[in-house]
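Notes follow the structure.
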Amino acid sequence: MAQDKKFVEEITPMNEDFTQWYTDVIKKADLVDYSSVRGCMIIRPYGYAIWENIQKELNERFRKTGHENVYMPMFIPESLLQKEKDHVEGFAPEVAWVTHGGAEELTEKLCVRPTSETLFCDHYANIIHSYRDLPKLYNQWCSVVRWEKTTRPFLRTMEFLWQEGHTAHATAEEAQEETIRMLNVYAEFCQNVLAIPVVKGQKTEKEKFAGAKATYTIESLMHNGVALQSGTSHNFGDGFAKAFNIQYTDSSNQLQYVHQTSWGMTTRMIGAIIMVHGDDSGLVLPPRVAPVQVVVIPVQQHKEGVLEKAGEICTRLSRVARVKMDDSDKSPGWKFSEHEMRGVPIRLEVGPKDIEKGQVVLVRRDTREKVFVAIDELEARVCELLDSIHDSMLEKATTLRNNKTYTAIDFAEFERIIRETPGFVKAMWCGDRACEEQIKEKTGATSRCMPFDEGPVSDKCICCGKEAKALVYWGKAY
RNA sequence: CGGGGUGUAGCGCAGCUGGUAGCGCGCUUGGUUUGGGACCAAGAUGCCGCAGGUUCGAAUCCUGUCACUCCGACCA
């Protein structure tokens, strides 16, 4: 069996039309459905289960770093939103407003939260009085609404699910530490859970969050060479504290403003999983978030003892992995294709021949490699295999990302790379917003981030030729 | 928000020189099958996106509108 054979004919090949491939995959794999609300999607059980696994993994990490979950209202009074100037300017164009309650017009309209900084700040102003109240390390899971012009399932919808961490600290140093700590949590999560390699760095002034002092980001690269901002962590300094009057008395009885951070990750990551790992047969899910890690397919299930054995295997495996049996009356071939399309990491086949030999067949989704495993060592081998699938998916994604990461030292080269072989382009920048804007205008590429720990590739700005201040990852982005 | 495309059965589509809707897949039932999307037979499923208009008569022509989608601008 050729490894690259495509069994699912309904999916448009990636190379033919990437966006169509993406749409086909999310629909065929039952991740989402369109709804009767413009720009909003229905996340179906299989897609939502991925999100729940993401939540579980992130929550564990947030808890270990001392954070507590809370819930804020979904409405923000206009006056509250107005309090921080940059923030409101950044979000005003895309907020939804509630103007009526029943038939009555509201005296003050309410916006549906596009993000909750203002609510957290308002609350913090009420509950923080002393240095003993700090730090406050809160996180909330919720949905937010942004009135987007064009939408695409998972990548950009008018309502999306996310978590937003909001913290308040006594000092600027602590806030900066927190900002970087959470960026590192995101990066670690992407690599160790989603098997997605990321570039960590700082956003330019132009790209930073509205109201932030500094924004840090992890950037990943999709199969088609388009960049995806995959998580951000912002240091607000004391800007919001001053706008919202969040003050505490320090240990020497002096009134001080707090220093704040916020950080978020969204359902967009499901889009990233699809576009980083998927292939022409459909989804390839990273084992640690796959709703079903092992699908058990009884072969010749009508034969005596097959279903019993398969059931027994499921029971045993369910102690170490998320297992599902497909004993529907579809043909085995159909089931193979179906679960492949749905990205299940391991397929376990068990039929009369296997039972006779005391073995099962394990087939991994990422490489389609087939191994025969003695039933006695099932649990150990499945766990091993899941880890091994994760590792090779990360390795493959890293190789792909590296192969699509280029360096440009003159503008013509930069332009050509963006046009002909989309991906990350590393190039120097003078720090001038005008150059950044010109690059975007001429090539369509935006600055993704200024990476940590990477040395200069030349000493001149790719755009104006003046002295370079920073290395920037550029790319077309979703 | 600008430019293009598409809305007909659950899905993919045909029908569009106006006469009251069809194909494939899927679905249901029965039987034969079953180690890479099985086969036969019999069924069920439609306010032709929505609203106006033209007409004796509209899926078909005209206008508007909504949604989806692709390409730009804005954004997680």
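Convention: sequence-line order gives letters A, B, ...; per-chain numbering from 1.
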Considering every strand shown, what is the Watson-Crick or G-U wobble mate of B:C50 when both distances are under 3.5 Å?
B:G64
Between C1' on B:C74 and CZ on A:R146, what's the gap in Å once rounded to a whole number?
12 Å
Partners meeting salt bridge (Lys or Arg N to Asp or Glu O under 4.0 Å) with A:R365 (sequence neighbours left out):
A:D279
Distances for protein N or O near nucleotides 6-11 of chain B N or O, under 3.5 Å:
none

Base, sugar-phosphate alone, or nothing: which one does A:R38 contact when heavy atoms must sit under 4.0 Å apart?
sugar-phosphate
For A:M265 and A:G231, work out which heavy atoms get closest and say how close.
CE-CA, 4.5 Å
Does anything in residues 261-297 of chain A form a ring-ring contact (aromatic ring centres under 6.0 Å, His included)? List the pairs, not counting sequence neighbours.
A:F62-A:W263, A:H67-A:W263
For A:K476, check side-chain contact (heavy atoms from CB on, under 4.5 Å) against everything at least two apart and list the hits.
A:I418
What residues, two or more places apart in sequence or in another chain, satisfy ring-ring contact (aromatic ring centres under 6.0 Å, His included) together with A:F154?
none
Distance between the P atoms of B:A14 and B:A51, in whole angstroms?
24 Å
Please collect all side chain to side chain donor-acceptor pair (under 3.5 Å) contacts where either partner lies in residues 86-97 of chain A, sequence neighbours excluded, each pair once.
none
Taking a pair as Watson-Crick or G-U wobble with both distances under 3.5 Å, which nucleotide is matched to B:U55?
none
Between atom CG in A:D329 and atom C1' in B:C27, what is the gap in whole Å?
12 Å
Protein-nucleotide distance (A:Q359, atom CD; B:G35, atom P), rounded to Å:
17 Å
Determine the Euclidean distance between corresponding P atoms of B:U45 and B:G19; express it in Å to zero decimal places.
24 Å
Report the base-pairing partner of B:U45 (Watson-Crick or G-U wobble, both distances below 3.5 angstrom), or none.
none
So does A:E436 pair up with A:K440, basic N to acidic O under 4.0 Å?
no
Counting the atoms with a prime plus P, OP1 and OP2 as sugar-phosphate, which does A:Q300 contact under 4.0 Å by heavy atoms, base, sugar-phosphate, or nothing?
base
So A:E94, base contact, sugar-phosphate only, or nothing? Heavy-atom distance under 4.0 Å.
sugar-phosphate
Provide the distance between the two C1' atoms, one in B:A58 and one in B:C50, to the nearest whole Å.
15 Å
Atom-pair distance (CE on A:M158; C1' on B:C66), nearest Å:
13 Å
Expressed in whole Å, how much space separates the C1' atoms belonging to B:G36 and B:C74?
46 Å
Can you tell me the base-pairing partner of B:G24? Count Watson-Crick or G-U wobble geometry only, both distances below 3.5 Å, and say none if there is no partner.
B:C11
Expressed in angstrom and rounded to an integer, what is the separation of A:M341 atom CE from B:G26 atom P?
14 Å
A:K330 NZ to B:U28 C1', straight-line distance once rounded to whole Å:
12 Å
Quick one: label A:G39 by what it contacts on the DNA or RNA (base, sugar-phosphate, nothing), any heavy atom closer than 4.0 Å.
sugar-phosphate
Rounding to the closest angstrom, what is the interatomic distance between B:G26 and B:A38 at atom P?
9 Å
All N/O pairs under 3.5 Å across the protein-nucleotides 69-71 of chain B interface:
{"unit_1": "B:U69", "atom_1": "OP1", "unit_2": "A:Y34", "atom_2": "OH", "d": "2.5"}
{"unit_1": "B:C70", "atom_1": "OP1", "unit_2": "A:R152", "atom_2": "NH1", "d": "3.2"}

With a 4.0 Å cut-off, would you call A:E219 and A:K203 a salt bridge?
yes
Nearest-angstrom distance, C1' atom, B:G3 to B:C47:
33 Å
With the threshold set at under 4.0 Å for non-hydrogen atoms, list the residues of residues 51-59 of chain A touching RNA chain B in residue-number order.
none
Examine A:K442 relative to A:F411 and say whether NZ or CZ is less than 6.0 Å from the centre of the six-membered ring and inside a 45° cone about the ring axis.
yes
Considering every strand shown, what is the Watson-Crick or G-U wobble mate of B:C39 when both distances are under 3.5 Å?
B:G31
For A:I11 and B:G37, give me the distance from atom CD1 to atom C1', rounded to whole Å.
12 Å
Mind checking the OG-CZ spacing from A:S262 to A:F209? Nearest 0.5 Å is all I need.
5.0 Å
Hey, could you give me each pair passing side chain to side chain donor-acceptor pair (under 3.5 Å) that has a residue in residues 43-53 of chain A? Not counting sequence neighbours.
A:D30-A:R44
Pairing partner of B:C74, by Watson-Crick or G-U wobble and under 3.5 Å for both distances, is none
Is A:P93 touching bases, backbone alone, or none of the nucleic acid, heavy atoms closer than 4.0 Å?
nothing
Could you list the residues that satisfy side-chain contact (heavy atoms from CB on, under 4.5 Å) with A:E312, not counting sequence neighbours?
A:K309
Is A:R181 salt-bridged to A:E178, going by a charged N under 4.0 Å from an acidic O?
yes
Looking only at atom C1', what distance separates B:G12 and B:U69, rounded to whole Å?
16 Å
All N/O pairs under 3.5 Å across the protein-nucleotides 40-46 of chain B interface:
none

Base, sugar-phosphate, or nothing: which does A:V144 touch, judged by heavy atoms less than 4.0 Å apart?
nothing
Of A:E68, A:Q163, A:E164, the residue whose pairing with A:Q140 passes side chain to side chain donor-acceptor pair (under 3.5 Å):
A:E164
By the 4.0 Å heavy-atom rule, please label A:K476 as base, sugar-phosphate, or nothing.
nothing
Do you see a donor-acceptor pair shorter than 3.5 Å between the side chains of A:T443 and A:E415?
no
If you measure from the Lys or Arg side-chain nitrogens to the Asp or Glu carboxylate oxygens, is any gap between A:R316 and A:E379 under 4.0 Å?
yes
So, OP1 or OP2 of B:G37: does either fall under 4.0 Å of a side-chain N or O from A:S337?
no
What contact category does A:L155 fall into here, base, sugar-phosphate, or nothing, at under 4.0 angstrom with non-hydrogen atoms?
base
Indicate, with a heavy-atom threshold strictly under 4.0 Å, whether A:T157 touches base, sugar-phosphate, or nothing.
base
C1' atom, B:G37 versus B:C11: distance in rounded Å?
16 Å
Distance-only donor-acceptor hits, side chain of residues 145-152 of chain A, under 3.5 Å, sequence neighbours excluded:
{"unit_1": "A:R146", "atom_1": "NE", "unit_2": "A:P114", "atom_2": "O", "d": "2.8"}
{"unit_1": "A:R146", "atom_1": "NH2", "unit_2": "A:P114", "atom_2": "O", "d": "2.7"}

